[in-house]
Q: 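Dropping the structure in here first, questions after.
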Amino acid sequence: MKFGIVRFPGSCDEVDAQLACARLGDAVILWHAERDLRGVDAVVVPGGFSYGDYLRVGAIARFAPVMGEVAEFARAGGLVLGICNGFQVLCEAGLLPGALLPNPSLRFIFRQVELEVARADTPFTRACPPGQRLSIPVKHTTGRFYAPEPELRRLEAAGQVLLRYAPGHNPNGSLRDIAGISNAAGNVFGLMPHPEHAVDPLTGSVDGLSIFASIRDQVADRVPA
Amino acid sequence: MSNVADPVPRHRELGLTDAEYELILNGLRREPSPTELAMLSLMWSEHCAYKHSKKLLRRLPTEGPHVLMGPGENAGVVDVGGGFGVAFKVESHNHPSAVEPFQGAATGVGGILRDVFAVGARPIAVLDSLRFGEPAQSSRSRYLLERAVAGIGHYGNSIGVPTVGGEIYFEPSYEQNCLINAMCLGLAPHDRLIRSAAAGPGNVLVLLGALTGRDGIGGASVLASAELGEGDAAKRPSVQIGDPFAEKKLLECCLELLDSELLVSLQDLGAAGLTSSASEMAAKGGVGLDIDVTRVPLREAGMEPFEIMVSESQERMLCVVEPGRVSEVIAVCERWETLATPIGEVTETGRMLVRAGREIAADLPVGILVDDCPLYDLEPAPPAAGLYPPGPVRLDPSLGGGETLLGLLASANIASRRPVFEQYDPIVQSRTVRRPDQADAAVLMLGDGDGDGAVRPALAVSIDGNGRRVACDPRTGAAEAVLECAANLACVGAEPLGLTNCLNFGNPEKPHVAWQLVEAVEGITEACLALGVPVVGGNVSLYNEGPGGPILPTPVIGMVGRLPDARRAAQTGFAAAGDAIALVGEFAPLSAGSELAKLRGHPPEGALPVLDFDAARAAHATVRDGIRSGALTSAHDIAEGGLAVAAAECCIAGRIGAVLRVPADLDVFAEAPGRAFLVSGPEAALEGLPIIGRVGGPALELGDVLKVAVSELAEARERGLVGFV
Amino acid sequence: MRARVLVKPKAGILDPQGQAVERALPALGFDGVHNVHVGRLIDLDVEDPGRLPEMCERLLTNPLIEDYEIVEVAGQPQGSAA
Amino acid sequence: MRARVLVKPKAGILDPQGQAVERALPALGFDGVHNVHVGRLIDLDVEDPGRLPEMCERLLTNPLIEDYEIVEVAGQPQGSAA
Ligand SMILES: Nc1ncnc2c1ncn2[C@@H]1O[C@H](COP(=O)(O)OP(=O)(O)O)[C@@H](O)[C@H]1O
Ligand SMILES: [Mg+2]
């Protein structure tokens, strides 16, 4: 199993994502300027401040050469995980529905939040213990999930909402408490919380590991060893 | 203002005294050119020359077994084992922040980060130490607080360095002159550490990073009006804008250049820009430099040579490269979208030669820039009476114990800092084992963070300084700040490796301020010697004054330590019902200088408890050892608000009550920071320690002084800063 | 050509910046201000103005959440203050 | 009156956003774009437009680092797209 983690200028959590993935498989960095996914089995678009968050979060990064390959990979059914800024980039790239808007407080907010797994039968959540909340930190200024109302209803009906903030834990006014959402095909997933920062009991929680373990299990099922 | 009939001499407008200018004339045996005058006036400023503090700083102990680089380099470095060193430094950005708090604070963080990666270390943590006027009374203070915090978060968060701790105090004396001190820690393998001394005549001087604009030209712009015609000066922008995105690329670029061994030396550009960086590099290397300002890439057209030499545009570094490797350097920089421009070369002349193409703009011996500024002796005199007025009575002295405790917890200096630290990312880089509010010191794992199950060596870091106590007694108050830092480290099981400090004081030409400064440095020195902790760096910020006089004397101490295993790091909160609570350390607190004294309207005056360094040191060791052995599950030093507030904080953090006996004659709100602790653990494990209570129940009970529900305590503490930031 | 792109939050989308301004004004003694919205302004020289709409749709704005207008700037700002 | 305040980084002051956008564009397939500056726009209804300059100085802009111009908006945006 080989994870690839994209590095844009201004990415900050790419090494954290690499460390998290390395607990479960190989993990390599994919350079933004190269059109080469290096044969990875899954792509992580990490958190941080790609291009300084300038202009609009995720707006510039989605044009990076490597993103063309990521889009191809996704179209072919490859698993793509976007975390925080990565989620924003995937929305901008049209690989995920909706958009992320500024937090109503207009502030950066760091907080350990609890999440409910809305679906535990997807490539990104299959290893999550059923019925159990995940404790994972959020840290962002622009994390309010938004989609027009009809689109929201469609997303809910289609089962594309995979993670929700638990009652009282929505830090940013995301509509319908949506914390993580997938594309219609189910192979691209974005979330604002940072599972890569919840993989070690010493740093607070191990609940994020199940997201990466889900990806590993999914890849293992698809590619007989 | 000056007029034609009575012109103020240019050197005076630039801040040089007549006597200093005389020295320059004698040294040069001619009049300096405008560019030379600009360069000299900045290099001879307090900020660059430390002319009122240098002699004093020589007293600080700087040597120790772990020291790899001491004061003098961009950041001090101590060995942390495993082939790694930790670089760290604290620096002020007070005056820019008072003008534009968001950008001032942001560029303060940017500046201290550059100091750390200038020595080859990857920044792994930021801490901030902030001082403002009273937030409840002053909308200006609320504005400064809100914008400064936003600026710090903006820079630190965007660049991917966690902000892991800090401190904030509110006092009327900071109303006009807020303090914004930022500290950064970085980690480097020994063989990546690099110094700033330029070397190797014929080597190339390469400027890295941002374009040069007219940022921060402020003071020197009087030259602009002289050279470019009246009226232009006012239009000159001087507010520096931070660009964390540019610095992120610059940081990665510099570390890659060092990993590839492409650099001879490296230096950041800070105050006084190219002038200061280049002359420091030349002086340390005993060489000369030949710079052509027309090669410096500019953001604006028509900049004069002196403007280019003194510009304080952010996100720039200067390095020395062997001629054969310049193209490799440029290639690495291109990959990181960072400009790299050869602007000069190292010479044997010992002179700083600044050219604009064929024209010579400055030709100075390096020594006159760096060494020849006179150092002044202070004329200290203790004040006959207190310097700071009493404040209003905010807490009625007739209130009972419970209400007094709730009042203290909700007061601005003690309340929860959550509204602040929630705006900072404390976890990026995956090292943070203790984030704000979890323990008295932040704990950061060394290594790659992938050693599950194995021993996890870690760093601990704390920043402290209480101006009220220093105002009462500068020597004791400053020593207490050192002790409190060490106590904070002990609370997570760490022993100190070194410290850095920022001396924020008023006008040192005033005898009382000079006395505060001298005494405070003496206190830091005594404490460092007693604890065996070397000072490896720091910063001095003087002339912090408002219309009412000087700020409280505010030495800020940042201390870094090591603990063998992060898995054992203790927390502030009581851990389990039934655990015993012990009071460790000799604790004879007094009320002078305490938070309660302030809230009751007393000025910062009176005697502080006498320091017994040996006893404090023994208490620290007891706590440290107890944590390392696993005997203690919680530890908290007793500081602002005394035993009562410390106990309340342990209850709030642990979400559990406690019943404590109050030692005879002890004022539960009096203070003696740095000397004593509340620790808890299973009773058997606390054998030999003076047990004063037990964890459990829904309330904190302190003898017959008070009994308050933990939920009420928590509510008071959470409420204190809400609405101010 | 010097062009200016004005970007505003789409009607109906929460605009916390606008709200913050609206809340802050009365406290400073400015009454009678309503309906505040905060957006972005992008000034740029373009060689091929024909590509501006595409740049707006793809890069300068997110059509899901923002509206825009393109204004030509004749050399210098049209009105002026400060 | 419906007014619009256009806020731009002061000339000579570093504009990191403008720089970053300009630098990124060619690699992203947008050539021939220069001199990019990113600012803000504020639309608002004011009862007393005479107070707008003061509002700009005190709240809407940061006069140390930003310039502004005030434009009257006739009911609806003048140009339009999207
Ligand atoms: N300016 C700040 N930035 C980040 N963290 C802060 C700041 N101020 C306080 N904190 C954190 O809040 C917690 C409580 O702060 P404080 O009451 O000042 O601690 P102490 O009493 O140990 O000095 C600590 O974890 C501290 O690091
Ligand atoms: Mg403490």
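Residue numbering restarts at 1 for every chain, and letters A, B, ... go by the order of the sequence lines. Model, not experiment: these values are computed from the prediction.
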Q: Do A:His194 and B:Ile427 have side-chain heavy atoms sitting under 4.5 Å apart?
A: no
Q: Go through A:Asn85, A:Asp13, A:Asp16 and name the one with the most non-hydrogen pairs under 4.5 angstrom from chain B.
A: A:Asp16
Q: Using a cut-off of under 4.5 Å on heavy-atom pairs, state which of B:Pro426, B:Ala246, B:Ala566, B:Ala569 scores highest against chain A.
A: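 The answer is B:Pro426.
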Q: Rounded to the nearest 0.5 Å, what separates atom CZ in B:Arg431 from atom CG in A:Leu19?
A: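 B:Arg431 CZ to A:Leu19 CG: 9.0 Å, rounded to 0.5 Å.
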Q: Sort out for me which of B:Arg434, B:Lys248, B:Arg335, B:Glu252 touches chain A most, counting heavy-atom pairs under 4.5 Å.
A: B:Arg335
Q: Does any non-hydrogen side-chain atom of B:Ser430 lie less than 4.5 Å from one of A:Asp200?
A: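 No, every pair of side-chain atoms sits at 4.5 Å or beyond.
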Q: Side chain, backbone, both or neither: which part of A:Ser11 has a heavy atom under 4.5 Å from chain B?
A: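 A:Ser11 touches chain B through backbone heavy atoms alone.
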Q: In Å, rounded to the nearest 0.5 Å, how long is the span from CZ of A:Phe110 to OH of B:Tyr424?
A: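 Spacing of CZ (A:Phe110) from OH (B:Tyr424) equals 14.0 Å.
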Q: Tell me, side chain or backbone of B:Glu146 under 4.5 Å from chain A's heavy atoms, or both, or neither?
A: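 For B:Glu146, the contact with chain A is made by the side chain alone.
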Q: Counting only non-hydrogen atoms closer than 4.5 Å, does B:Ala150 touch chain A with its backbone (N, CA, C, O), its side chain (CB onward), both, or neither?
A: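 Contact with chain A: none, neither part.
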Q: Taking all heavy atoms of A:Phe49 and all of B:Asn157, pick out the closest pair and write down the distance.
A: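 Residues A:Phe49 and B:Asn157, closest heavy atoms: CE1-O, 3.2 Å.
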Q: Contact part of B:Thr432 toward chain A, heavy-atom cut-off under 4.5 Å: side chain, backbone, both or neither?
A: backbone
Q: Rounded to the nearest 0.5 Å, how far apart are CZ of A:Phe108 and OG of B:Ser158?
A: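 It is 8.5 Å, given to the nearest 0.5 Å.
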Q: Quick one: what part of B:Val725 sits under 4.5 Å from any heavy atom of chain A, side chain, backbone, both or neither?
A: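 For B:Val725, the backbone is the part near chain A, not the side chain.
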Q: Looking at CD of B:Gln429 and NE2 of A:His197, how far apart are the two atoms once the value is rounded to the nearest 0.5 Å?
A: 9.5 Å
Q: Pick whichever of B:Arg418, B:Lys249, B:Glu337, B:His154 has the most heavy-atom pairs under 4.5 Å with chain A.
A: B:Glu337
